Amino acid sequence: MSSAKPSSPHRSIAERKGPLLTPRVVEGPLLNAGSDFLHLDIGQAPRGGRAAWLADRLRRAIAERVVPVGARLPATRVLAADLGVSRGVVVEAYQRLMEEGQVAGRGRAGTVVVAAPIPAPARSPDTGPRPPSAGVGRGATGAATRTADPADLFPSAPGPDIFDALRTAPARIDLTPGVPDLAAFPRAAWLRAERAVLGRLAAPDLGYGDPCGTPILRRAVAGWLARNRGIGADPAEVIITNGVSQALGLLAQALAAGGVTALGVEDPGSLGVRQHLDNWRLETVPIPVDAAGLRVDELAARNLPAVMLTPAHQFPTGVVLDGARRRQLASWARAGGLVIEDDYDAEHRYDRPPVPALRATLPEQVCYAGSVSKLLAPALRIGWLLVPRRYRDAVVAAKRNADLGNAVLPQLVLAELITSGALERHLRLLRRRHVQRRDAMIAALGRHLPGATVHGAAAGLHLTVTLAGEVTDTELAAAALARGVKVQPLSWHCRRPYPPGLVLGYAANTPSLIAEGIELLATG
């Protein structure tokens, strides 16, 4: 066994000596195993907690870039032999990192580091945990950058760049909503689908196409919506967009051309959606939401021409638009109102039967928008839009002028995933994982925040908790970030008086990290 120390990630391959230059290295440097690897001393591990101890040491090494992204971890048998533990201890430690999305098994290539988390705040024996504002964070390049004061990230009146700032703020545990389980992205299925698509792709397919999207994906989406959302749509009606955000921008332009300058939005309701509509110079009028969903009587009293809502799983409260409200809304729409239906995470349901889309029964009164951002990944930027016939020409013209259509290859690969059944299988996998993570969050809230009220547990990727007493949720969110936990204050999404609270995403973290995050959130 070589006694050489692990190679520095900053040295070039040409500078490295010995076994590190063997031709079998396909995923970056092969790190030496055994007691020299990270100077691991199994004697430091607590009795009965060796796997957790080993996972923690590996996690720290990855976060600090001692073990760089692309590096292979030692084989489980080799590391177990050198540490003098059973192979099961090492396998369990590696499995924990796989569930967190930091390493991945690559068959004969071994276990490879694929992502590095934000390093945990430094600890001092005198002061305990140090908040991010007192230290520095490191980007992917390793360059040090001073972090912002957490209080600066949680103003009571957030600006248009608030989500960009919050997204890049360092935090060891990210419990913000809207983040799907990116570690579960079906890489193998995507690669198979991509190979199949490229194998049969004709040269003309690589040219400019229909700005509404490739016919293959439009057919696949029409089938997906029919099976999963009860929507009967001709593929020719489907417009492929760069996510729901672009769909809203296209609709805003079409509505403005038709003289619509204001529309109702849910309150509480998505701050991000409201900011996007404001950007397109549409006045957004808050309509209250209660336990049955949008107050349609309040909408009718405002004499507005249109409304945007999330009827299947309201953001952020999680309520479902009930039957009576649906009938009221249908009557309002048939009298001349337009409904914009954001079906943002309707597929993610656990403890209740599916709720049909409004578009299924009101095709000429409902503009329907959806995407794969919460099902696969936001980075794909693929969504779809269905509009009543009277708006179609204006929306298509806006799409053509925006970008001439989405990139073709991702469209074809997604169509292959849908038609092959791979996307359905992925959704079933996600539901099982999400239930475990949701249950872990509810249990942790019960232990550490017993006075909180939990909303929206039956579906979606987040929970909303409302808090009793004199609490300022922006201050609570800032204090949580100082302890390394990122959340969103509920007040950001409210324009009328509403109880303080937090919006907590659970899809992107393992049950153990969720439990730790809630415990840290409740501290102080």
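The structure displayed is predicted, hence computed values, not measured ones.
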I want to check something: taking the side chain as every heavy atom from C-beta on, are L520 and E516 in contact at a cut-off of under 4.5 Å?
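Yes; the side chains approach each other to less than 4.5 Å.
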
Is there a side-chain contact between L309 and L321 in this structure, where contact means two heavy atoms from C-beta onward sitting under 4.5 Å apart?
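They are in side-chain contact.
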
Yes or no on side chain to side chain donor-acceptor pair (under 3.5 Å) for N401 and Q253, after CA distance, side-chain angles and deciding distance?
CA-CA 11 Å; N401 292 332; Q253 294 172 70; over 6 Å; no

Are the charged groups of E416 and R200 less than 4.0 angstrom apart, N to O?
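Here E416 pairs with R200 in a salt bridge, since their nearest N and O are under 4.0 Å apart.
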
Looking at every heavy atom in both [X] and [Y], which two are closest together, and how far apart are they?
X	Y	answer
D174	N509	O-ND2, 2.7 Å
Y506	G460	OH-O, 2.8 Å
R359	V387	NH1-C, 3.5 Å
A252	L282	CB-CD1, 3.7 Å
L490	P316	CD1-CG, 3.6 Å
L417	A189	CD2-O, 3.7 Å

Show your reasoning for whether salt bridge (charged side-chain N to carboxylate O under 4.0 Å, His left out) applies to D210 and R218.
CA-CA 11 Å; D210 191 326; R218 294 161 76 187; 3.2 Å; yes

Output field: ring centroids H462/F315 closer than 6.0 Å:
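So the answer is yes for these two rings.
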
Worked check of side-chain contact (heavy atoms from CB on, under 4.5 Å) between I340 and V307:
CA-CA 6 Å; I340 300 173; V307 65; over 6 Å; no

Decide yes or no on side-chain contact (heavy atoms from CB on, under 4.5 Å) for L449 and V465, but give the supporting numbers first.
CA-CA 10 Å; L449 287 172; V465 296; 5.5 Å; no

Report the C-alpha separation of R219 and T419 in whole Å, then their side-chain angles, then the decisive distance to 0.1 Å, and conclude whether the side chain to side chain donor-acceptor pair (under 3.5 Å) test is met.
CA-CA 9 Å; R219 286 196 297 271; T419 56; over 6 Å; no

If we count only N and O atoms by modelled type, under 3.5 Å, do the side chains of [X] and [Y] hold a donor and an acceptor together?
X	Y	answer
S420	R192	no
S331	Q328	no
T510	S512	yes
T310	D342	no
Y344	H313	yes
H455	T466	yes

Using salt bridge (charged side-chain N to carboxylate O under 4.0 Å, His left out), reason through E99 and R437 one step at a time and then give a plain yes or no.
CA-CA 12 Å; E99 291 175 353; R437 297 175 181 197; over 6 Å; no

For R496, I'd like to know if atom CZ has over 12 heavy atoms of other residues, nucleotides or ligands within 6.0 Å.
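Buried by this count: over 12 neighbours within 6.0 Å.
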
Separation between [atom1] of [X] and [atom2] of [Y], rounded to the nearest 0.5 Å:
X	Y	atom1	atom2	value
Q411	L380	CD	CG	11.5 Å
D161	R167	CG	CZ	11.0 Å
R438	Y350	CZ	OH	7.5 Å
K486	R172	NZ	CZ	13.5 Å
N279	L248	CG	CG	11.5 Å
L427	L376	CG	CG	9.5 Å

Would you sort out whether D278 and E283 count as a side-chain contact (heavy atoms from CB on, under 4.5 Å), showing the intermediate values?
CA-CA 6 Å; D278 289 344; E283 180 188 356; over 6 Å; no

With under 30° as parallel and over 60° as perpendicular, where do the rings of F185 and W190 fit, or are they tilted in between?
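Answer is tilted, since the angle falls between 30° and 60°.
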
Could you work out, with salt bridge (charged side-chain N to carboxylate O under 4.0 Å, His left out) as the rule, every residue matching D322, not counting sequence neighbours?
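Here no residue qualifies.
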
Could you go through residues 294-306 and list every donor-acceptor pair under 3.5 Å that involves a side-chain atom there, pairing it with any protein atom two or more places apart or in another chain?
residue, atom, partner, partner atom, Å
R295, NE, D297, OD1, 3.0
R295, NH2, D297, OD2, 2.9

For E237 and R389: C-alpha separation, side-chain torsions, deciding distance, then whether salt bridge (charged side-chain N to carboxylate O under 4.0 Å, His left out) applies.
CA-CA 9 Å; E237 299 178 68; R389 281 171 289 187; over 6 Å; no

Under the criterion side-chain contact (heavy atoms from CB on, under 4.5 Å), I'd like the reasoning laid out for L502 against L175: C-alpha separation, chi angles, the key distance, then a yes or no.
CA-CA 10 Å; L502 298 171; L175 298 181; over 6 Å; no

My understanding is that only residues two or more places apart in sequence, or in another chain, count here; which of them pass side chain to side chain contact (heavy atoms under 4.5 Å, CB included) with A407?
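Residues passing side chain to side chain contact (heavy atoms under 4.5 Å, CB included) with A407: P410.
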
Could you tell me whether a side-chain N or O of D205 sits under 3.5 Å from a main-chain N or O of L201, the two making a donor and an acceptor?
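No.
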
Step by step, work out the ring-ring contact (aromatic ring centres under 6.0 Å, His included) result for W384 and Y368.
CA-CA 8 Å; W384 42 80; Y368 176 91; 8.0 Å; no

Testing P268, S491, P288 for side chain to side chain contact (heavy atoms under 4.5 Å, CB included) with Y498, which one passes?
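Among P268, S491, P288, the one meeting side chain to side chain contact (heavy atoms under 4.5 Å, CB included) with Y498 is P268.
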
